[in-house]
Amino acid sequence: MTKREIFINIWDKEGCDLPSGKLCTACCYYFNIAYFDKPQNQCCTHQNIINGCMINNHKPLECTIFHCSQVSNHMKWGLINAAYKLKIVT
C-alpha cells in the first residue's frame with residue numbers, strides 16, 4: 001500500500017478545501033491552460049465556485065500538476081489577496 005501525499009493549501013487546509021467548506025478554484029483562474037485554450041487570469045469554463053472543477057475526474061495533465069502548496073510563501077499571500085479581491089473564493 002502506498003502512502004497518499006497530502007498537500008496543505010494556501011488556506012492551511014488539505015487539498016483544495018476552503019475554510020468555508022467550499023473548494024478553492026484560484027489556480028483555475030490564474031494559470032494558462034493550453035488544453036482548453038484558456039488564457040491566464042480568466043475563468044475556466046469548467047470552474048464552479050461552489051463545487052470546484054466540474055470535470056475533476058477528467059482533468060488534463062496541466063490542471064493536475066500545480067498545487068498552491070508548491071509555491072513560495074510570498075506567492076501564496078499574493079494568491080490569497082487576489083482571490084479575495086476577485087471574489088473567486090469565499
Side-chain angles (χ1 to χ4, degrees):
M1 184 172 166
T2 60
K3 188 175 180 180
R4 184 176 75 102
E5 189 171 359
I6 297 174
F7 293 105
I8 302 300
N9 64 32
I10 58 178
W11 312 101
D12 202 29
K13 298 287 182 184
E14 185 177 327
C16 297
D17 293 341
L18 291 171
S20 66
K22 295 180 181 179
L23 294 174
C24 181
T25 59
C27 63
C28 302
Y29 178 86
Y30 293 113
F31 300 102
N32 174 46
I33 304 171
Y35 185 86
F36 298 126
D37 199 26
K38 187 203 89 61
Q40 185 176 341
N41 297 321
Q42 181 176 317
C43 288
C44 177
T45 57
H46 303 288
Q47 181 181 11
N48 181 298
I49 190 67
I50 296 170
N51 299 315
C53 181
M54 295 185 298
I55 60 164
N56 196 42
N57 295 329
H58 307 289
K59 289 181 188 179
L61 179 63
E62 59 194 308
C63 292
T64 63
I65 58 174
F66 174 82
H67 192 268
C68 61
S69 63
Q70 302 165 339
V71 300
S72 68
N73 284 337
H74 178 74
M75 186 173 180
K76 286 178 188 179
W77 286 111
L79 286 171
I80 289 170
N81 184 41
Y84 274 115
K85 278 185 179 178
L86 293 167
K87 298 180 180 168
I88 57 174
V89 295
T90 56

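With rounding to the nearest 0.5 angstrom, the CD atom of Gln42 is 8.0 Å from the OH atom of Tyr29. Atom SG of Cys44 and atom CE of Met54 lie 8.0 Å apart (nearest 0.5 Å). One distance of note links NE2 of His46 with SG of Cys63; it measures 8.0 Å at 0.5 Å rounding.
Every side chain to side chain contact (heavy atoms under 4.5 Å, CB included) that Ser69 has, sequence neighbours left out, goes to Phe7, His67. With sequence neighbours left out, Lys13 forms a side chain to side chain donor-acceptor pair (under 3.5 Å) with no residue at all. Among residues two or more places apart in sequence or in another chain, the ring-ring contact (aromatic ring centres under 6.0 Å, His included) test is passed with Phe31 by Phe66.
Dense packing is recorded around CG of Asn81, with more than 12 heavy atoms of other residues, nucleotides or ligands lying under 6.0 Å away.
If you chain together ILVMFWY residues whose side-chain heavy atoms come under 4.5 Å of each other, Ile55 ends up grouped with Ile33, Tyr35, Phe36.
A donor-acceptor pair is defined here as one N or O able to donate and one able to accept, closer than 3.5 Å; such a pair exists between the side chain of Asn9 and the backbone of Gly15.
Contact check for Gln47 versus Cys53: no side-chain heavy atoms found under the 4.5 Å cut-off.
Of all the heavy atoms in Asn32 and Glu62, the pair that sits closest is O-OE1, 4.0 Å.
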